[in-house]
Number of protein chains: 2
Amino acid sequence: MPNAQTIAESYIAFWNAADPEERRRRYRQDWDERATYVDPVMRGSGPDEIGALVAGVQQRFAGFSFRLIGAADGYGDYVRFRWALGPAGAEAPIEGSDVVRLSGGRIAEVIGFLDKVPG
Amino acid sequence: MPNAQTIAESYIAFWNAADPEERRRRYRQDWDERATYVDPVMRGSGPDEIGALVAGVQQRFAGFSFRLIGAADGYGDYVRFRWALGPAGAEAPIEGSDVVRLSGGRIAEVIGFLDKVPG
């Protein structure tokens, strides 16, 4: 399987991709066609729904971008990592932790949690 | 669904149950019959395999017990929490983070990660 750090970096790049065509390309490359995504505020399945979630977050948090916090960690088909969402060069107001299940080396399931939200 | 803290406490009590009959009772009460468990060092499915994993950990770490670190967190069918494994009244040498997926209010899937292991 791809290593945990590579998976995490590709995942973050997907969430930061502003161009829908780039998101589609990254989805085809890294994700399972029937992948599911869930976190405390949204959920979706497959490239159209998950792409729409990313577009919605980018619209809501214009000017913010995602970055990894620390190193990704994984074993077998499972990867976990922490991320921050915020403006460049400033403290991020939002942080979370995601767990990813791979299938055939592709992202098949994401379970997300929020670690920090604006007070 | 049962709240996140209740699920986490029942889960920890299951891992600490030294009596096989108590484990079976707790499994029937809290877990889905076909539940799956995976972490970096072991995996299993259903009451017999998962019960054997617990028995194996108890044998390997005799005198240690599990406890929760902080409060459990959850939404929908997902719960996460951190735990420590160690002797009573001393710093625990092992810590981990588990993500649980519920189905019908019962534990259907556990994905475990290790946060601290003996050096």
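Each chain gets a letter, A, B and so on, in the order its sequence line appears, and its residues count up from 1. Keep in mind the model is a prediction, meaning the values are calculated, not measured.
- In the hydrophobic cluster analysis, where Ile, Leu, Val, Met, Phe, Trp and Tyr join through side-chain heavy atoms closer than 4.5 angstrom, A:Tyr11 is grouped together with A:Met42.
- Of all residues spanning residues 108-119 of chain B, those with a heavy atom less than 4.5 Å away from chain A's heavy atoms are B:Glu109, B:Ile111, B:Gly112, B:Phe113, B:Leu114, B:Asp115, arranged by number.
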Run the side-chain donor-acceptor check on residues 51-65 of chain B: report pairs under 3.5 Å with partners two or more places apart or on a different chain.
residue	atom	partner	partner atom	Å
B:Gln58	NE2	B:Trp15	O	2.8
B:Gln58	NE2	B:Ala17	O	2.9

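- Within a 6.0 Å radius of CD in A:Glu21, more than 12 heavy atoms belonging to other residues, nucleotides or ligands are found.
- Summarising the geometry, atom CG belonging to A:Asp39 is positioned 6.0 Å from atom OH belonging to B:Tyr75; distances are rounded to the nearest 0.5 Å.
- For A:Val41, no part sits under 4.5 Å from any heavy atom of chain B, backbone or side chain.
- For CZ of B:Arg25, the number of neighbouring non-hydrogen atoms (other residues, nucleotides, ligands) closer than 6.0 Å is greater than 12.
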